[in-house]
Structures are given as structure tokens and as C-alpha cells.
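Chain naming here is simple, since letters A, B, ... match the order of the sequence lines and numbering starts at 1 in each. Just the heavy atoms: all of them, side chains too, but no hydrogens, waters or symmetry mates, feed the values below.
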Amino acid sequence: MTVSFEFAVYHEDYHNAGVASSEIKKYLTQIGLDPQLIRRIVICSYEAEMNVVIHSYGGKMVLLIDDNEIRLEIADKGPGIPNIELAMQEGYSTAPLSARERGFGAGMGLPNMKKNADVFEIASSPQGTVVKLAWVII
Amino acid sequence: MKIKAISQLIQGESLTPLKENKDYLTAFACDLMSDCLAFINDPNCILITGLVNEQSLRTAEMLDIDCIIFVRGKLIPKEIIELGKKHSLTLISTKLTLFEVSGILYQAGIRPLQIR
Ligand SMILES: Nc1ncnc2c1ncn2[C@@H]1O[C@H](COP(=O)(O)OP(=O)(O)OP(=O)(O)O)[C@@H](O)[C@H]1O
Ligand SMILES: [Mg+2]
């Protein structure tokens with residue numbers, strides 16, 4: 001059986017930024033997933049959520065859980081990432097001042113997601129960016 | 001080291017109930033939340049920061065950290081304290097700077113994280 005949740009994420013809504021990841025953490029804790037695994041998942045989730053808030057026109061996050069896998073798909077409405085290879089480099093950031101004032105914009109988010117997910121895929125066009133993450137449940 | 005002793009050393013003001021019996025051995029001082037998310041590898045660590053907003057609390061929540069020390073005498077809005085209580089975070093505020101707090105805690109035996 002697959003369980004799925006969907007969360008809307010809005011551009012520059014710093015007040016609610018993190019609420020989706022907080023809900024995800026709450027749910028994964030409830031179903032008794034290993035805390036170490038939960039930590040890796042929600043680190044990615046929060047980084048991805050912040051990226052949508054900071055860099056995109058808004059989007060959504062979908063969490064899918066089945067017996068042996070957790071998947072998280074984050075899709076936004078653009079403007080996309082012109083150079084993904086560059087964006088994946090630690091320290092590369094185009095974050096505006098509003099994000100830096102809130103502790104983001106170190107250029108660490110995407111590389112950290114790649115590090116903490118078992119599967120990391122990213123695709124981007126001017127219509128939007130899609131990040132697909134997955135973890136195996138052991 | 002117990003949180004009460006830590007708080008006293010840095011002239012801290014507790015904004016939420018302290019977890020009296022919990023021992024802290026390490027701390028990480030940083031205003032950059034994505035660095036915290038990338039480097040903090042010990043949930044039993046104290047986050048020392050000058051960043052007072054939802055993002056610092058959310059970052060702690062995601063990392064399973066339960067204690068934040070806010071430095072430089074920043075005004076802490078009520079909503080932040082409420083959010084902290086909701087997630088059972090220990091929030092402490094001090095007028096000292098990040099450098100002073102770090103120095104005092106280091107001298108008292110709190111250790112840095114091993115990040116490499
Ligand atoms: N969803 C997105 N839409 C458009 N651009 C993005 C998106 N996500 C990332 N980027 C681009 O990729 C860069 C690197 O992203 P990354 O998450 O690694 O760092 P950051 O968000 O700038 O800083 P940090 O994550 O450390 O707070 C961003 O600065 C931005 O230019
Ligand atoms: Mg980011």
C-alpha cells in the first residue's frame with residue numbers, strides 16, 4: 001500500500017517555510033521509522049522546501065511511502081536552474097538578501113540533499129524544477 | 001554539562017522550561033542554517049546562533065536538536081518562543097556575543113563537532 005501526502009509551498013513565504021517538512025517529520029515519527037533515517041529525510045525535505053520558497057515561483061512537495069521505500073518529489077513552477085552542474089557545486093548561490101538574512105544562501109542545499117538521499121535526481125527547465133529523492137527502508 | 005550550569009555561565013535567560021537532567025557535550029555556533037543542516041552530525045549538540053526566526057527553530061527541529069542559545073541580546077518575538085515550546089525546544093537568550101559564548105563554553109569543556 002502506498003500512502004501519499006501533498007503540500008503546497010509558496011514563494012517568499014518565510015513564515016510557513018518548514019511547515020511541510022515539520023508535518024513530514026511528525027508523520028514519519030508516528031509510523032516508527034528509524035530516527036537516523038528520518039533525520040536524513042527531513043534535512044533534504046527542509047532544504048528542498050526552502051529552495052522552492054527562495055528560488056521559485058512556488059510549487060508543491062509530494063511524499064510517497066510504501067513498504068520498502070520513501071519518495072519525496074518537489075516540483076515548482078519555474079524559473080528553473082540554467083546550469084545544474086554549477087548549482088550542484090558547494091558554495092554556489094544566487095540567493096537574494098531576504099534569504100541570506102534568514103540564514104540561507106550558503107550554496108549547500110543541493111549538495112547536502114545529494115549526500116543525504118539514497119536516490120537524487122534533478123531536472124530543470126524555465127517551466128520548473130523537479131527534484132526527486134528516495135530512501136530505501138531497511 | 002547540564003543546561004542550568006551552561007545558562008548560568010553565559011548569563012542566560014531561559015525562554016522555555018529547561019530540561020534539567022539532560023547533558024550536553026558539544027555545540028555548534030553558526031548563523032548559516034544550511035551550514036547547520038550540512039554539518040551538524042550530533043543531535044545532542046547545542047546550537048549557538050544570532051539568527052532569531054522560524055528558520056533557526058525549524059533547522060533545530062529537523063536536526064533533532066533541542067537546545068538553542070540566542071546571542072547578542074536579540075529581541076525574541078513571542079511567536080518564536082511559542083513555536084519553541086510547541087516543539088519542546090530549550091531556548092536561552094544572552095546579551096553576550098557568539099564569540100564570548102563559544103569561548104566560555106569551550107573553556108567549560110563543551111567540545112566542537114568533528115565535521116571531517
Ligand atoms: N527550485 C529552484 N528553482 C530555481 N533555482 C534553484 C532552485 N533550487 C536551487 N536553485 C539554484 O541553485 C542554487 C544552489 O542551490 P542550493 O540549494 O545548493 O544553495 P542555496 O539555496 O543558494 O543556498 P542554501 O541551500 O545553502 O541555503 C541556488 O542559489 C539557485 O540559483
Ligand atoms: Mg538551498
Practice prompt. Show the numbers, then the answer: is there a side chain to side chain contact (heavy atoms under 4.5 Å, CB included) between A:S93 and A:R100?
Written response: CA-CA 10 Å; A:S93 176; A:R100 292 178 195 271; 3.5 Å; yes

Discussion item. Within the supplied structure, the quantity of interest is the number of heavy atoms (other residues, nucleotides, ligands) at a distance under 6.0 Å from A:Q30 CD; does it exceed 12?
Written reply: yes

Item to complete: Go through A:I24, A:V19, A:N116 and name the one with the most non-hydrogen pairs under 4.5 angstrom from chain B.
Response: A:V19

Fill in: More than 12 heavy atoms of other groups within 6.0 Å of A:K114 NZ
no

Practice prompt. Using modelled atom types only, decide if a donor and an acceptor are shared between the side chain of B:R58 and the backbone of A:S22 within a distance under 3.5 Å.
Written response: no

Worksheet item: Where on B:D64 is there a heavy atom nearer than 4.5 Å to chain A: the side chain, the backbone, both, or neither?
Response: both

Item to complete: With side chain to side chain donor-acceptor pair (under 3.5 Å) as the test, would you mind laying out the steps for B:D66 and B:T90 before giving the verdict?
Response: CA-CA 6 Å; B:D66 67 359; B:T90 297; 5.5 Å; no

Worksheet entry | Side chain / backbone / both / neither for B:I40 at chain A, heavy atoms under 4.5 Å | both

Fill in: Interface residue of largest heavy-atom contact number with chain A, from B:T59, B:L32, B:L37, under 4.5 Å
B:L37

Item to complete: Applying side chain to side chain contact (heavy atoms under 4.5 Å, CB included), run through A:Y14 and A:E101 and close with a yes or a no.
Response: CA-CA 11 Å; A:Y14 288 108; A:E101 282 170 353; over 6 Å; no

Practice prompt. Could you check which of B:T49, B:D35, B:L63 has the highest count of heavy-atom pairs closer than 4.5 Å to chain A?
Written response: B:L63

Item to complete: Pick one of side chain, backbone, both or neither for A:E90, based on which atoms fall under 4.5 Å of a heavy atom in chain B.
Response: neither

Item to complete: Counting only heavy atoms closer than 4.5 Å, note whether A:F104 contacts chain B via side chain, backbone, both or neither.
Response: both

